[in-house]
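See below for the structure under consideration.
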Amino acid sequence: MRTSRRCRRFIKRRAMNYGSALGWVLEDEVETYLRELLADNTIASYVRHQHHSVDDCAGRDFTVEKRVRNVLVNISFGVTISAISCTQSRELHWPIPQFWFPVWTDKKTIKATILALFKPLPV
């Protein structure tokens, strides 16, 4: 049995709305981990960009600042719970790093992924 076009549009909109809500929960979770890194003095500062802001639309959900070899380095990145959305964001917002963290991703993995952005390149 086929569903009508109107019904498919409704289902798609509903999925998009729930997907956004789950994505915002992930962003809240990442912000909690960034607060922990800030309290441990692992990072110098972070900014969570407002939803639908210019930075957010450019693929930057967060900007983190960390001291690397006595130089403050800023790196922006985006996060998502959807593999499809992550693939599309990587194409659309290249070279801004985009991370896919499924619902079951643990805190240690998320923190390590963020901190890996600051590893100095071998010279």
Side-chain angles (χ1 to χ4, degrees):
M1 182 173 127
R2 290 184 52 156
T3 56
S4 70
R5 184 182 305 175
R6 184 175 181 187
C7 184
R8 284 193 308 262
R9 257 186 295 176
F10 173 76
I11 292 168
K12 186 176 180 181
R13 264 197 215 115
R14 190 168 177 197
M16 287 171 47
N17 289 339
Y18 287 130
S20 295
L22 290 174
W24 293 343
V25 169
L26 172 66
E27 288 183 21
D28 291 341
E29 190 176 343
V30 170
E31 184 174 22
T32 302
Y33 302 151
L34 288 173
R35 267 194 232 122
E36 291 174 11
L37 291 172
L38 187 61
D40 296 341
N41 290 324
T42 307
I43 61 173
S45 67
Y46 75 91
V47 174
R48 180 180 179 179
H49 300 289
Q50 293 292 321
H51 298 292
H52 308 296
S53 68
V54 173
D55 287 322
D56 186 50
C57 292
R60 297 176 178 96
D61 293 325
F62 296 94
T63 299
V64 179
E65 186 175 63
K66 184 177 191 285
R67 188 170 295 279
V68 178
R69 296 182 182 170
N70 288 331
V71 176
L72 283 176
V73 178
N74 292 321
I75 295 182
S76 297
F77 61 92
V79 295
T80 183
I81 59 167
S82 165
I84 294 170
S85 176
C86 188
T87 302
Q88 292 170 345
S89 293
R90 285 178 179 160
E91 293 172 4
L92 183 63
H93 302 301
W94 186 87
I96 307 293
Q98 303 295 315
F99 298 119
W100 170 46
F101 296 128
V103 176
W104 59 85
T105 307
D106 64 337
K107 171 170 58 170
K108 185 178 177 182
T109 303
I110 293 174
K111 284 182 172 182
T113 303
I114 294 168
L115 292 177
L117 290 170
F118 294 98
K119 288 191 177 177
L121 297 172
V123 207

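Since this is a predicted model, take the numbers as computed values, not measurements.
In this structure, I114 is a member of the same hydrophobic cluster as V68, with clusters built from ILVMFWY side-chain heavy atoms closer than 4.5 Å. I43 and L117 fall within a single hydrophobic cluster, where Ile, Leu, Val, Met, Phe, Trp and Tyr side chains are chained together by heavy-atom contacts under 4.5 Å. V64 and V47 end up in different hydrophobic clusters when Ile, Leu, Val, Met, Phe, Trp and Tyr side chains are linked at under 4.5 Å. Hydrophobic clustering of Ile, Leu, Val, Met, Phe, Trp and Tyr side chains at less than 4.5 Å, counting indirect connections, unites L115 with L38. Residues W100 and F62 do not share a hydrophobic cluster, clusters being chains of Ile/Leu/Val/Met/Phe/Trp/Tyr side chains in contact below 4.5 Å.
Side chains of D56 and S53: a donor-acceptor N/O pair is absent below 3.5 angstrom, by distance only.
Expressed to the nearest 0.5 Å, how far OG of S85 lies from CD of Q98 amounts to 8.0 Å. To the nearest 0.5 angstrom, H93 atom NE2 is 9.5 Å from R60 atom CZ.
Of all heavy-atom pairs between P97 and S76, the closest is CD-O, 3.3 Å. Between T105 and E29 the shortest heavy-atom distance is O-OE2, 4.3 Å. Here the closest non-hydrogen pair linking I96 and A58 is CG1-O, 4.0 Å.
Residue pairs meeting the salt bridge (charged side-chain N to carboxylate O under 4.0 Å, His left out) criterion with at least one partner in residues 38-48, sequence neighbours excluded, are E27-R48, D28-R48, E31-R48.
Although no hydrogens or angles enter the test, the distance criterion places a donor-acceptor pair under 3.5 Å between the side chain of D61 and the main chain of V79. With E65 contributing its side chain and L72 its backbone, the two residues share no donor-acceptor pair below 3.5 Å.
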side-chain contact (heavy atoms from CB on, under 4.5 Å) between F101 and T113: does it pass, once the steps are laid out?
-> CA-CA 10 Å; F101 296 128; T113 303; 4.0 Å; yes
Show your reasoning for whether side-chain contact (heavy atoms from CB on, under 4.5 Å) applies to F99 and I110.
-> CA-CA 9 Å; F99 298 119; I110 293 174; over 6 Å; no
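With a 4.5 Å cut-off on side-chain heavy atoms, L37 and K111 count as touching.
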